[in-house]
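In what follows, a structure is listed as structure tokens, so that the remarks can point back to it.
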Amino acid sequence: MTEKSEKTERIERYVPGPIEAKWQRLWAERRVAYVDTAVPGNEYYLLNMYPYPSGSRLHVGHGRNYILGDALYRRERMAGRKALNPMGWDAFGLPAENAAIQSGVPPREYTLANIARMKEQLHALGCLYDWSKELASCDPGYYRWNQWLFLRMWERGLAYRKTAPVNWCPGCRTVLANEQVVDGRCERSDDLVETRDLTQWFFRVTDYAERLLEGLDRLPHWSDRVKTMQRNWIGRSEGAEILFRVDGLTEPIRVFTTRPDTLFGATFMALAPEHPAVALLAERSEAPRRREIEEFVERVRRESRLERESEGAAKEGLDTGFRAVNPATGAPIPVWLANFVLPDYGTGAIMGVPAHDQRDFEFARRYRLTVTPVYRTRESDPGGAGDVDGNAMTEAAPHGGVLYRSGAWDGTPNGPEAIGKAIGWLEEQGFGKGKIGYRLRDWLISRQRYWGTPIPAVHCPACGVVPVPDADLPVLLPEDVEFRGVEGNPLEQSQAFVQTRCPKCAGPARRETDTMDTFVDSSWYFMRYCDATNDDAAWDRKVLAQWMPVDQYIGGIEHAILHLMYARFFVKALADMELLDAQEPFQALFTQGMITRDGAKMSKSKGNMVSPVPIVERYGADTARCYILFIGPPDQDADWSDEGVEGVHRFLGRLWRLSADVAETTGHRPLDGPAEPPQGDDLELLRKAHWAIEKVTNDMAGRFAFNTAISAVMELVNEAYRRREAVAPEALHFAAATAASLIFPFAPHVAADAY
RNA sequence: GCCGGAGUGGCGAAAUGGGCAGACGCACGGGACUUAAAAUCCCGAGGGCCGAGAGGCCCGUGCCGGUUCGACUCCGGCCUCCGGCACCA
């Protein structure tokens with residue numbers, strides 16, 4: 001081989017493997033990502049949503065998430081920020097338990113094995129984390145504080161038990177939060193969800209409904225999309241609560257309505273079959289009617305959520321025979337049971353105004369109830385003085401026109417004024433008051449499963465439900481449990497766990513066997529990272545004050561409601577307890593788009609997961625990283641195809657060869673020493689370099705337009721490479737150095753090597 | 001039904017405080033290097049029409065209108081797709 005071809009050979013061959021191994025080893029050895037969180041100054045807290053280690057393989061969607069985070073993290077480091085980038089594992093949850101049933105491997109073992117493999121893959125992608133702060137929610141050192149925080153919630157009345165109809169998934173044999181029921185089916189197993197009565201633990205999220213809603217206005221760096229989803233979920237509506245006296249009952253029945261102004265048109269009342277007053281009404285009825293009521297209640301409750309809540313479902317009702325009094329007209333109105341009245345919204349009882357509400361109208365027509373319009377418009381009343389015939393209506397009249405048949409409110413135009421008048425009158429007369437209703441319901445956190453944080457409570461026959469004292473934490477998950485997939489919570493098998501002493505009276509007692517929803521674990525893990533090795537407390541408030549809120553949170557849109565709302569609730573509740581100072585957990589949120597495969601979401605069960613590992617093996621981590629960022633704007637969904645990988649790899653090869661060429665001709669590597677100012681025609685290349693600096697800076701700041709940032713560096717490299725024989729070595733030197741710096745956050749290994 | 005987002009070449013996509021539409025990349029075509037291949041490099045390309053050629057003309061950012069010297073971008077009205085909520089009183 002001649003000397004020239006040897007040089008050509010060396011320069012033309014970009015072999016990422018050894019380069020990447022070298023830099024990854026150096027970064028790990030030098031612990032470059034380590035941050036002493038107790039020392040203040042120029043902090044930047046970047047966070048990726050911690051992964052659920054359900055399988056051993058990451059897919060390219062995960063990859064996109066972590067690469068995005070790593071790129072931002074490295075940019076902030078380059079800008080001189082003291083950047084914290086921790087990683088951990090959302091390690092509790094049902095799949096590990098199901099795997100145990102199928103394969104006999106204990107959930108802990110299964111989970112730890114998955115964590116080890118996923119960690120390797122993150123490492124192979126060149127993602128840099130401060131592993132000294134690693135946490136796993138299944139570690140007693142973590143869930144101990146989960147239990148501790150639960151006890152604080154309990155002390156404040158924010159954790160409580162109640163018997164309630166709950167969503168029961170027959171497949172998972174556990175209850176689900178409302179949020180985990182999608183289209184009447186279990187979000188995870190897809191089974192039809194049933195309703196069961198169980199005594200369960202709840203967090204009182206509804207106490208924070210208003211603040212969760214208001215807080216959204218102070219989050220300018222969250223997308224409208226996510227904020228809208230949260231607003232819809234909280235579902236605020238203004239209206240009034242009205243008391244209706246019912247013959248035969250001592251207590252009046254409360255009704256929630258957004259249209260108290262139509263009270264004069266309320267011609268019936270309808271209760272949800274689950275309404276507590278229904279039992280009393282049944283009790284006080286004669287035998288045949290009583291049986292009818294009981295049968296109706298039974299029938300509706302047997303319907304699945306899906307059947308009951310689907311729009312086309314027939315409106316079924318039953319006249320209880322009881323009469324309530326319309327407080328405005330003084331007239332008796334019938335009290336019905338109706339399947340369309342939901343037990344857990346408003347008060348579980350409605351006033352029926354068929355003339356002005358389509359649902360009430362349909363119900364009234366079916367059961368021949370009176371329809372009394374109280375608004376008249378010009379169309380329905382051309383003469384201006386006549387009556388609107390309720391019997392002739394074919395659908396509910398839209399709100400409009402002015403009130404009539406409404407006593408002192410007559411003539412008031414439809415709108416806030418009419419509603420205000422009605423509320424004023426109700427309050428004056430003691431018949432009700434203005435009220436704001438929310439769709440949001442309390443968070444059901446009990447799970448009848450093994451692989452979760454045990455709820456630290458003891459059931460004592462003498463003292464009732466007693467909290468486990470802080471000093472006795474953690475309540476450890478027992479190991480003597482077998483997973484056979486039989487009915488019931490596996491935790492109940494462990495006698496050593498279940499049989500205990502009451503912390504209050506020391507008498508024999510039974511330990512609570514419910515575990516916590518894993519969304520509890522993920523509602524505060526970002527705070528634990530800041531003080532991850534603290535054995536005396538969940539965190540030190542002063543340390544936390546330096547790092548919270550998280551500066552930039554990155555994750556999937558699928559967590560737009562559940563996780564993000566619960567985490568916000570935790571921060572607000574714990575701030576009220578003076579355990580921390582932040583009011584919101586995440587200053588800025590970036591939700592990246594999903595990567596689909598032929599339009600379908602990637603999932604283990606569908607078997608359509610694409611792993612980034614083969615790309616790393618074939619082309620190196622830098623190519624994999626740049627390609628995954630290059631496929632499109634990161635906030636947009638993308639359908640996976642690896643057809644463009646070669647192009648990105650060619651680009652990195654050109655950059656590498658360019659810098660090797662510069663080193664060869666100038667005797668330095670591109671970033672060593674200042675170059676002589678280029679002159680003449682070289683200015684064009686210089687200008688291109690400055691253009692790229694500006695473009696990459698703008699694209700990365702706020703916009704997260706990594707695809708166009710990379711394309712700008714491509715342009716710079718292409719131009720420099722094309723003209724490498726024609727321009728002065730100094731100009732080439734400058735262009736190569738600029739390109740290496742700009743590409744560093746995306747392709748750190750090759751860039752570091754070019755330095 | 002209410003709310004949010006999107007619609008641009010063969011494909012992924014650029015360009016929005018209004019100013020050359022299609023940067024960058026894939027795939028494609030032509031060429032250089034090579035015995036050959038791989039690798040690498042250079043050139044071409046939205047569609048249509050006219051021209052031997054250099055080149056020229058017309059059309060073109062989901063549809064219809066509007067504002068403007070000028071619109072992918074702003075305004076009005078639709079269509080389609082994606083996502084959230086929904087018998088929520």
Side-chain angles (χ1 to χ4, degrees), chain A residues 8-9 11-15 179 182-183 223-237 239-242 255-260 262 266 269-272 307-316 338-354 356-363 396 435 437-441 557-558 560-561 591 593-594 596 599 626-627 630-633 635-651 653-654 657 691-692 695 699 705 707-719 721-722 724-725:
Chain A
T8 309
E9 178 70 13
I11 289 183
E12 286 187 356
R13 206 88 204 142
Y14 163 53
V15 184
E179 288 84 339
V182 177
D183 292 334
S223 66
D224 287 341
R225 183 180 182 196
V226 170
K227 286 191 279 194
T228 304
M229 282 163 77
Q230 294 215 353
R231 285 193 188 102
N232 284 344
W233 192 261
I234 295 168
R236 182 183 200 271
S237 54
E241 195 168 277
I242 305 178
V255 147
F256 178 72
T257 176
T258 51
R259 299 305 303 243
T262 61
M269 171 193 271
L271 306 177
E307 288 165 334
R308 184 150 169 206
E309 291 191 2
S310 69
E311 200 163 350
K315 291 179 176 40
E316 306 267 354
N339 65 346
F340 71 89
V341 181
L342 305 172
D344 43 12
Y345 183 76
T347 60
I350 62 158
M351 66 179 202
V353 186
H356 300 290
D357 180 286
Q358 187 58 26
R359 281 162 312 170
D360 296 351
F361 182 84
E362 286 167 27
F363 191 76
K435 197 175 177 182
Y438 299 93
R439 208 193 71 96
L440 184 71
R441 292 158 204 175
I557 188 73
E558 67 273 21
I561 298 173
T591 48
M594 225 180 6
T596 54
C626 289
Y627 179 64
F630 190 67
I631 52 175
D635 56 338
Q636 245 172 61
D637 290 350
D639 202 57
W640 179 257
S641 152
D642 58 9
E643 278 182 3
V645 180
E646 295 273 358
V648 170
H649 190 243
R650 278 197 277 268
F651 152 65
R654 270 195 294 274
R657 288 193 304 275
W691 167 84
K695 173 85 177 145
D699 284 356
N707 52 331
T708 51
I710 292 170
S711 77
V713 185
M714 284 175 170
E715 286 191 52
L716 173 60
V717 169
N718 287 350
E719 185 160 333
Y721 195 81
R722 202 177 310 121
R724 68 189 186 283
E725 307 290 342

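Letters A, B, ... are given to chains in the order of the sequence lines, protein chains preceding strands, and every chain is numbered from 1. Everything numeric here is computed off the predicted structure, so don't read it as measured data.
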Rounded to whole angstrom, note down the P distance from B/C75 over to B/C57. 33 Å
Heavy atoms under 4.0 Å, any strand shown: does A/S641 hit a base, just sugar-phosphate, or nothing? nothing
For the backbone of A/D360 and the side chain of A/D357, can you confirm whether one donor and one acceptor N or O come within less than 3.5 Å of each other? yes
Of the candidates B/C88, B/C87, B/C85, the side chain of A/K315 sits closest to B/C87
Does A/N718 put a side-chain nitrogen or oxygen below 4.0 Å from OP1 or OP2 of B/G25? yes
Taking the C1' atom of each, how far is B/C24 from B/U34, in whole Å? 30 Å
Answer yes or no on whether A/R654 is positioned over the face of A/F651, meaning its NZ or CZ is under 6.0 Å from the six-membered ring centre and within 45° of the axis. no
Given B/C41, is OP1 or OP2 found less than 4.0 Å from the side-chain N or O atoms of A/R657? yes
Of the listed nucleotides (B/A23, B/G25, B/G83), which one gets closest to any side-chain atom of A/T708? B/A23
Distance-only, no hydrogens or angles: does the A/Q358 side chain make a donor-acceptor pair with backbone N or O of A/A396 under 3.5 Å? yes
Specify the separation, in whole Å, of atom NE2 of A/H356 and atom P of B/C87. 23 Å
Once you round it to whole Å, what is the distance between P of B/G12 and CD of A/E643? 11 Å
Determine the interatomic distance between C1' on B/G4 and the same-named atom on B/C69; round to the nearest Å. 36 Å
Considering only the P atoms, how many Å lie between B/U16 and B/G7, rounded to the nearest integer? 14 Å
Polar side-chain atom of A/N707 near backbone of A/I631 as donor-acceptor pair, under 3.5 Å: no
Given atom CZ of A/F630 and atom P of B/G12, what is their separation to the nearest angstrom? 14 Å
Under-4.0 Å side-chain N/O to phosphate OP1/OP2 contact, A/R439 with B/A89: no
Where does B/G9 land, syn or anti, once you apply the within-90°-of-0 test for syn? syn
If you only use heavy atoms from C-beta on, which nucleotide in B/C87, B/A14, B/G84 is closest to the side chain of A/M229? B/G84
Mate of B/C41 across any strand shown (Watson-Crick or G-U wobble, both atom pairs under 3.5 Å) is B/G31
What's A/I631 touching, base or sugar-phosphate or nothing? Going by heavy atoms closer than 4.0 Å. sugar-phosphate
What nucleotide among B/C88, B/A23, B/C3 has an atom nearest to a side-chain atom of A/S711? B/A23
Suppose you measure atom C1' in B/C50 against the same atom in B/G31; what distance do you get, rounded to whole Å? 28 Å
Whole-Å distance between B/C87 C1' and A/D344 CG? 13 Å
Separation of A/Y721 atom OH from B/C41 atom C1', in whole Å? 7 Å
Output the rounded distance in Å from CD (A/Q636) to P (B/U8). 11 Å
Starting at atom CG of A/D639, determine the distance to atom C1' of B/C82, rounded to an integer number of angstrom. 13 Å
When you measure from the side chain of A/D224, which nucleotide among B/G25, B/A14, B/G5 comes out closest? B/G5
Out of B/C24, B/C85, B/A15, which nucleotide sits closest to the side chain of A/K695? B/A15
Would you kindly give the CZ-to-P distance between A/R650 and B/C24, to the nearest whole Å? 15 Å
Using a cut-off of less than 4.0 Å, is there contact between a side-chain N or O of A/R359 and OP1 or OP2 of B/C88? yes
Within 45° cone and under 6.0 Å: A/K315 NZ/CZ vs A/F363 ring: no
Phosphate oxygens OP1/OP2 of B/C85: is one of them under 4.0 Å from a side-chain N or O of A/R231? no
State whether A/N707 places a side-chain N or O below 4.0 Å from either non-bridging phosphate oxygen (OP1 or OP2) of B/G25. no
Side-chain N or O of A/R654 less than 4.0 angstrom from OP1 or OP2 on B/C41? yes
Hey, is the side chain of A/S223 poking within less than 4.0 Å of OP1 or OP2 on B/G4, counting only N and O atoms? no
Please lay out, stage by stage, how A/V255 and A/M269 fare under the test side-chain contact (heavy atoms from CB on, under 4.5 Å). CA-CA 9 Å; A/V255 147; A/M269 171 193 271; 4.0 Å; yes
